[in-house]
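Since the structure comes first, as structure tokens, the remarks are kept for the end.
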Amino acid sequence: QRSLVGSEMCIRDRLNIIGDLIMKKILSVITACIISSAGFAGCVEKNKETAEKEKVYSSPQFEKYFSNTFISTSNNKKISNADNVTYRAYIPLEEYGEFEYCFYFSNTVDSTWGDGRSIYAGLQGGEYEITSASVGDGGSGFEDEPVNMVSVTFNEAAGKTVSPGETFWSDPVNVNIPDGNFLVWEWTLTGENIPCINMSDLTPCYADGVYTNEIPLPAMFGCNREVKKTIAALGDSITQGCQTTSHSYKFWAADIALDLGSDYSLWNLGLGYSRASDIAQKGDWLNRAKNADIVLVTYGTNDIVSGKNIDSGPSSAEQIEEWVRTTVKELKDAGCEVILFNAPPFDYDPASEEIRTAFNEKAPLIADEYGAELFDFASYLSDPSNPSAAKYGGHPNDEGCKIVADAFLEKYANLIEN
């Protein structure tokens with residue numbers, strides 16, 4: 001009997017121990033679930049916050065229409081006065097055929113030009129009138145007269161009065177551009193201080209039939225086409241493609257776009273003379289880039305050479321770092337993958353080269369801080385024996401751009417494709 005009682009007590013003790021262990025396990029699971037739920041709630045809240053930001057900066061059209069040209073489409077200058085002037089541009093495409101297009105416009109100067117006295121980032125354009133606009137088939141040569149021109153309308157009207165600082169979309173229009181031909185954009189404008197782009201001989205543009213480098217254009221040639229991913233390239237004249245062979249589309253952004261093919265959209269937002277201080281103002285230039293899946297951030301050169309404007313003098317490495325950090329953070333908060341480029345060589349004087357070197361030492365830290373990628377742009381454009389010398393020119397020539405494009409695609413193929 002004692003033995004039986006002792007056995008019962010032993011069993012009871014063991015059951016109590018097992019019960020305690022089970023309860024502890026249950027409590028630990030519950031605690032983990034609470035923590036997980038809190039983390040999930042935090043993620044939901046964070047995603048909600050991001051979504052709200054994207055709603056502020058996006059419009060439904062950006063989810064449907066994607067850039068269909070690697071030619072830069074942003075504003076870095078202004079037309080002082082236009083009196084019923086007809087502008088025409090020959091635009092190379094990434095994908096050909098019949099598509100629905102919708103065109104996006106911004107009546108604000110995106111970046112600073114020259115010394116920054118009269119043209120600077122955030123400068124609103126004046127009121128101007130669109131008398132008419134049309135697009136069509138520009139043929140395969142720059143001298144070809146456009147055919148099959150189709151009217152572009154605005155809220156079903158042939159023209160529009162554009163207010164200072166206004167952003168707007170055209171109505172959708174169907175356009176058929178045969179393989180290898182140009183899309184021609186043509187419109188007639190009247191007004192003052194109309195934001196435009198200095199095209200730097202990248203593609204033929206005309207004002208009343210006379211060749212011009214300064215032309216108002218849509219900020220996006222949006223095309224309703226299937227793409228795997230969208231890429232936006234933010235930067236200065238080196239991104240825009242200045243001083244590569246005229247009308248040949250041999251700049252590095254074009255090389256990347258052409259190598260990727262029509263499954264991808266590369267929206268070139270590079271602007272000659274632009275600074276990191278311009279993009280860090282968080283204007284429409286940055287906000288429209290947030291609609292891309294991947295954004296390339298390529299600044300530094302003009303900050304070192306010119307600074308914010310003629311009165312400020314060259315920017316310091318710390319200032320450039322802060323502006324680039326602001327830009328990368330804004331893009332990451334919007335859900336973009338970011339690839340940060342360091343500053344390339346530009347045959348600087350010793351003081352300026354010191355700024356470039358100091359900024360390039362900080363660039364990896366910026367990338368790490370925000371979970372961005374870092375592309376060692378400078379290493380492909382200099383000789384290891386003399387890293388400060390611009391091997392292919394301060395504005396990389398066709399050869400240098402091809403080297404950069406090949407290296408970029410080799411390094412980021414998986415990021416782009418997956």
Side-chain angles (χ1 to χ4, degrees), residues 59-75 79 82-108 110 125-139 142 144-178 181-191 194-197 199 203-209 212 214-225 265 267-269 284 288 291:
S59 63
Q61 289 92 332
F62 280 122
E63 300 177 11
K64 181 178 181 181
Y65 300 100
F66 310 113
S67 175
N68 199 27
T69 181
F70 42 76
I71 287 290
S72 180
T73 54
S74 295
N75 300 317
I79 302 294
D83 185 5
N84 205 40
V85 177
T86 297
Y87 297 96
R88 176 189 291 180
Y90 286 76
I91 306 297
L93 300 180
E94 295 181 32
E95 184 167 8
Y96 301 92
E98 183 171 1
F99 292 101
E100 182 182 81
Y101 281 81
C102 200
F103 304 95
Y104 177 74
F105 303 83
S106 173
N107 192 15
T108 299
D110 294 309
E127 181 175 285
Y128 67 90
E129 295 287 336
I130 303 172
T131 302
S132 63
S134 59
V135 288
D137 177 5
F142 302 138
D144 292 353
E145 191 64 22
V147 297
N148 301 324
M149 296 295 284
V150 182
S151 294
V152 176
T153 58
F154 307 89
N155 290 325
E156 301 183 354
K160 174 179 170 59
T161 300
V162 181
S163 302
E166 182 179 0
T167 60
F168 60 98
W169 289 86
S170 72
D171 298 326
V173 59
N174 288 324
V175 186
N176 187 1
I177 307 299
N181 284 10
F182 292 93
L183 179 148
V184 161
W185 171 266
E186 188 170 279
W187 60 345
T188 301
L189 307 178
T190 296
I194 304 171
C196 70
I197 183 169
M199 194 55 78
T203 202
C205 302
Y206 301 89
D208 282 342
T212 182
E214 297 178 5
I215 182 168
L217 288 175
M220 175 191 263
F221 288 80
C223 179
N224 184 5
R225 61 190 180 106
S265 166
W267 190 7
N268 190 343
L269 298 175
D284 187 65
R288 60 183 182 259
N291 294 284

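A quick note: this is a predicted structure, and the numbers were derived from the prediction, not measured.
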**Message:** Could you check whether any side-chain heavy atom of I215 comes within less than 4.5 Å of a side-chain heavy atom of I197, counting everything from C-beta outward?
**Reply:** yes

**Prompt:** Which of parallel (below 30°), tilted (30 to 60°) and perpendicular (above 60°) describes Y90 and Y206?
**Reply:** perpendicular

**Prompt:** Between T190, T188, V162, which is the residue that forms a side-chain contact (heavy atoms from CB on, under 4.5 Å) with I130?
**Reply:** V162

**Request:** Mind listing the closest non-hydrogen atom pair of G138 and D144 along with its distance?
**Result:** O-CB, 3.4 Å

**Prompt:** Should I194 and L189 count as side-chain neighbours, where that means a heavy-atom distance under 4.5 Å?
**Reply:** yes

**Prompt:** For the atom pair CD (E166) and CD (E127), what is the distance rounded to the nearest 0.5 Å?
**Reply:** 9.5 Å

**Prompt:** When rounded to the nearest 0.5 angstrom, what distance separates CZ in R288 from OG in S74?
**Reply:** 4.0 Å

**Request:** Mind listing the closest non-hydrogen atom pair of C196 and P216 along with its distance?
**Result:** CB-N, 3.5 Å

**Complete:** Distance col, row D110:CG vs N75:CG, nearest 0.5 angstrom, shows 5.0 Å

**Request:** Apply the side-chain contact (heavy atoms from CB on, under 4.5 Å) test between Y101 and each candidate in V175, V135, N174; give the one that qualifies.
**Result:** V175

**Request:** Check F221, F168, Y128 against F105 for a ring pair (Phe, Tyr, Trp, His ring centres under 6.0 Å) and give me the one that passes.
**Result:** F168

**Complete:** Closest non-hydrogen atoms of N107 and P164, given as atom of the first, atom of the second and distance, are ND2-CA, 3.5 Å

**Non-hydrogen side-chain atoms of C205 and Y87 separated by less than 4.5 Å** = no

**Asked** Is the distance between the ring centroids of F142 and F182 less than 6.0 Å?
**Response** yes

**Prompt:** Aromatic rings W169 and Y65: how do their planes relate, parallel, tilted or perpendicular, breaks at 30° and 60°?
**Reply:** tilted

**Complete:** Taken to the nearest 0.5 Å, the spacing of I71 CD1 from T203 OG1 works out to 5.0 Å

**Prompt:** Taking side chain as C-beta onward, heavy atoms only, is R225 less than 4.5 Å from E94?
**Reply:** yes

**Donor-acceptor side-chain pairing of N181 and D137 below 3.5 angstrom** = yes

**Request:** Please round to the nearest 0.5 Å and tell me the distance separating atom SG of C102 and atom CE of M220.
**Result:** 10.0 Å

**Message:** Side chains of N68 and S265, heavy atoms from C-beta outward: is any pair under 4.5 Å?
**Reply:** no

**Prompt:** Taking C-beta and beyond as the side chain, do Y96 and I177 meet within less than 4.5 Å on heavy atoms?
**Reply:** yes

**Asked** G165 and T108: which non-hydrogen atoms are nearest, and at how many Å?
**Response** CA-OG1, 3.5 Å

If you look only at distance, which donor and acceptor atoms sit under 3.5 Å apart when one is on a side chain in residues 149-157 and the other is two or more places apart or in another chain?
from: T153; atom 1: OG1; to: D171; atom 2: OD2; distance (Å): 2.7

**Asked** Where do G97 and N176 come nearest, in terms of heavy atoms and distance?
**Response** C-OD1, 3.4 Å

**Prompt:** Are N268 and T73 side-chain neighbours, meaning at least one heavy-atom pair lies under 4.5 Å?
**Reply:** no

**Request:** Return the minimal non-hydrogen interatomic distance between T69 and P92, and the atom names on each side.
**Result:** OG1-O, 2.7 Å

**Request:** Could you label the plane-to-plane angle of the W187 and W185 rings as parallel, tilted or perpendicular, counting under 30° as parallel and over 60° as perpendicular?
**Result:** perpendicular

**Asked** Say you draw a straight line from OG of S67 to CG of N291; how long is it, rounded to the nearest 0.5 Å?
**Response** 12.0 Å

**Prompt:** What pairs meet the salt bridge (Lys or Arg N to Asp or Glu O under 4.0 Å) rule with one or both residues in residues 64-74, with sequence neighbours excluded?
**Reply:** K64-E100

